[in-house]
Amino acid sequence: MAPQTRRISSFPEVVIERDTESEESSSEEEEANVVLPEEETIQDSNNKGKTPITITLKKVCKVCKKTGHEAGFRGATYIDCPMKPCFLCKMPGHTTVTCPHRVATEYGIVPAPRKNTTNSLEFVFQRQLQPRVPPIKPAHVIPDQVHCAVIRYHSRRVTCLEFHPTNNNILLSGDKKGQLGIWDFGKVHEKTVYGNIHSCMLNNMKFNPTNDGSIYAASSDGTISCTDVETGISLALMNLNPNGWEGPSSWRMLYGLDVNSDKNVVLVADNFGYLYMADIRSNNIMSKPTLIHKKGTKVVGLNCNPLQPDLLLSCGNDHFARIWDIRRLEAGSSLYNLEHKRVVSSAYFSPISGSKILTTSLDNRIRVWDSIFGNLDYPSREIVHSHDFNRYLTAFRAEWDAKDSSESLVVIGRYISENYDGAALHPIDFVNVSTGQLVAEVMDPKITTISPVNKLHPREDILASGSSRSLFIWRPKKLDVAQPREEKRILLCGEVSKKRSKKHGDNGDDDSDNDIFRSKDNALKQKKLPSKSSSYSSRKNS
DNA sequence: ATTCAATGGACCC
DNA sequence: TGGGTCCCCTTGAA
């Protein structure tokens, strides 16, 4: 015993890396080495024969494996690896923390034709010339009254959302497992889950324009379903894998889906680049599939023009969004090809006039084409925005606000987190795509997960979000009519408690115990947070 | 508290 | 064109 402990000091240390006079110097955190003493285990009587080892390690960055710095969370703030290009805008020479796009989101606006995204040196020098970026990013808006309803009934992550076309309180949700959820968020606890419609990922869905009681869905199981929302009775409109599983090279998955209301045709696209059409009334597949994207690549989005439904917008993994006239459809017959630097995860015509185009790409840019009648060679604007995570999460998609007559308001979830009073939160951003300005950020201190799936209500000031397996409905408690609608369309956020209480629904409950409709009582909220959050958890646990 | 795995695209050859 | 490998802020279960 005693000899052993004494031996520790005299025993030669096994040192990894260098630096032997570590003893006292290790207290300084800045650049000092991290010392991992093994003394406790060594002194343990069980390990009599073991030689005492002191391992001295230098800080090693987990990203670049170099020493002298460390990437990762420090508290709620993520420190980037300085050896890598900016995680947000992808340009070298700075990190996310100092990225000009993070300081002022409008900075991301690049008018076409692009200038300063092509040359990184020029980019860096431009920062020197323009060192004082005006701090126009709005402060977090914390209204005194908010609503946020939460429900969790999906067993896998949410992949898509759709509001009911006539019933204002119904939200439909699809998940990675293929389940279709129907939530009457007006009654909060009212929900239905249909689990046997699809066998895997439900990628996109759209209501039948001629019958708002039924919805079409495209799934990775290779089928289009048409489901009666009331009864859950579903029929398959198309099955691309009639012979079942014959290996990954032949298994076809359906991703993009839209309905041409003029022709009563459902359009879907698969993971091999092909477009299919099915007649709604006869349930027949029309014609043969057409290759609309690079062969073998996934077509993730389809969108029919609201005014001219024969105009089709598609996007996919071949880095293009493409415009088609479905009356003259054949491989290579696209009217325009909108080039992107990486995968295009969504592309939409503007909801009212149909003359703008909005795309989301994994190069961390939202792109806008102001007029389909103008020059489509370059986007009118590129807005830098963090949404490039492609693993484990549903792809982010910027979605129009159909209520905005100027067709400039867009919602999109944010991947990168913000240190918000000690909590790393992932806001949902409202962006004015005409100016690039970040109009609003929605977040709640108790929602610590990322919300990649977002949809704005077609008629009301309601935002629906899908975050992991949970669904959220956000709405302002009251609209300030005196304010111009463009200025503050949406009121947001919850209050922040420094002591982070539990996340929503992470205690394994499902359904009603998890449903939270909060801030009904403003007094409760304004007064003291602890009582509020405790009432929160007590409700959960009861 | 820590570990693990599911999983998709880029890039290399 | 295809297989192998790598990969910065995940999420939730073990």
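Keep in mind it's a predicted model, so treat the numbers as computed, not measured. Numbered from 1 within each chain, the chains take letters A, B, ... in sequence-line order.
Between A:Lys206 and A:Glu162 there is no salt bridge, since no side-chain nitrogen of the basic residue lies less than 4.0 Å from a carboxylate oxygen of the acidic one.
Side-chain atoms of A:Thr360 and A:His387 include no donor-acceptor pair closer than 3.5 Å.
When each of C:dT10, B:dA10, C:dC9 is scored by its nearest atom to the side-chain atoms of A:Arg342, the top-ranked nucleotide is B:dA10.
Atom-to-atom, OH of A:Tyr255 to C1' of B:dG9 comes out at 12 Å; the value is rounded to the nearest Å. Summarising the geometry, the separation between CZ on A:Phe87 and P on C:dT10 is reported as 8 Å, rounded to the nearest angstrom. The CG atom of A:Asn317 sits 14 Å away from the C1' atom of B:dT7 (whole-angstrom rounding). At whole-Å resolution of the value, CZ in A:Arg157 and C1' in B:dA6 are 9 Å apart. As a whole-Å value, the separation of A:Tyr78 OH from C:dT10 C1' is 12 Å. Distance OH (A:Tyr392) to C1' (B:dA5): 8 Å, rounded to an integer number of Å. Here the C1' atom of nucleotide B:dA10 and the NZ atom of A:Lys90 are 12 Å apart, to the nearest Å. B:dG8 atom C1' lies 19 Å from atom CH2 of A:Trp251, rounded to whole Å.
As judged by a 4.0 angstrom heavy-atom cut-off over every strand, A:Lys62 is placed among residues making no nucleic acid contact. If you check every strand for non-hydrogen atoms under 4.0 Å, A:Ser417 touches a base. Looking at heavy-atom distances under 4.0 Å, A:Pro452 makes no contact with the nucleic acid at all. Among the atoms of the strands shown, base atoms are found under 4.0 Å from some heavy atom of A:Ile416. Using a 4.0 Å heavy-atom cutoff across all strands shown, A:Lys294 reaches no nucleic acid atom at all.
Of the C1' atoms belonging to B:dC11 and C:dC9, the separation is 23 Å, rounded to the nearest Å. The C1' atoms of B:dG9 and C:dG12 are separated by 23 Å, rounded to the nearest whole Å.
Residue A:Cys81 is the one, among A:Arg469 and A:Cys81, whose nearest nucleotide of DNA chain C lies closer to the 5' end (criterion: closest heavy atom). For A:Lys176 and A:Val343, each mapped to the nucleotide of DNA chain B holding its nearest heavy atom, the one lying further toward the 5' end belongs to A:Lys176.
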Next item on the list: Mind running side chain to side chain contact (heavy atoms under 4.5 Å, CB included) on A:Lys90 and A:Asp388 for me, showing each step along the way?
Entry: CA-CA 11 Å; A:Lys90 312 300 178 192; A:Asp388 66 338; 2.5 Å; yes
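For B:dG9, the OP1/OP2 oxygens have no side-chain nitrogen or oxygen of A:His319 closer than 4.0 Å. Look at A:Ser468 and you'll find a side-chain N or O under 4.0 angstrom from OP1 or OP2 of C:dG12. Residue A:Lys295 places no side-chain N or O under 4.0 Å from the OP1 or OP2 atom of C:dT1.
Ring geometry for A:Trp245 against A:Trp251 counts as tilted: the plane angle lies between 30° and 60°, on a 0 to 90° scale.
Between A:Thr297 atom OG1 and A:Phe272 atom CZ the span is 10.5 Å, to the nearest 0.5 Å.
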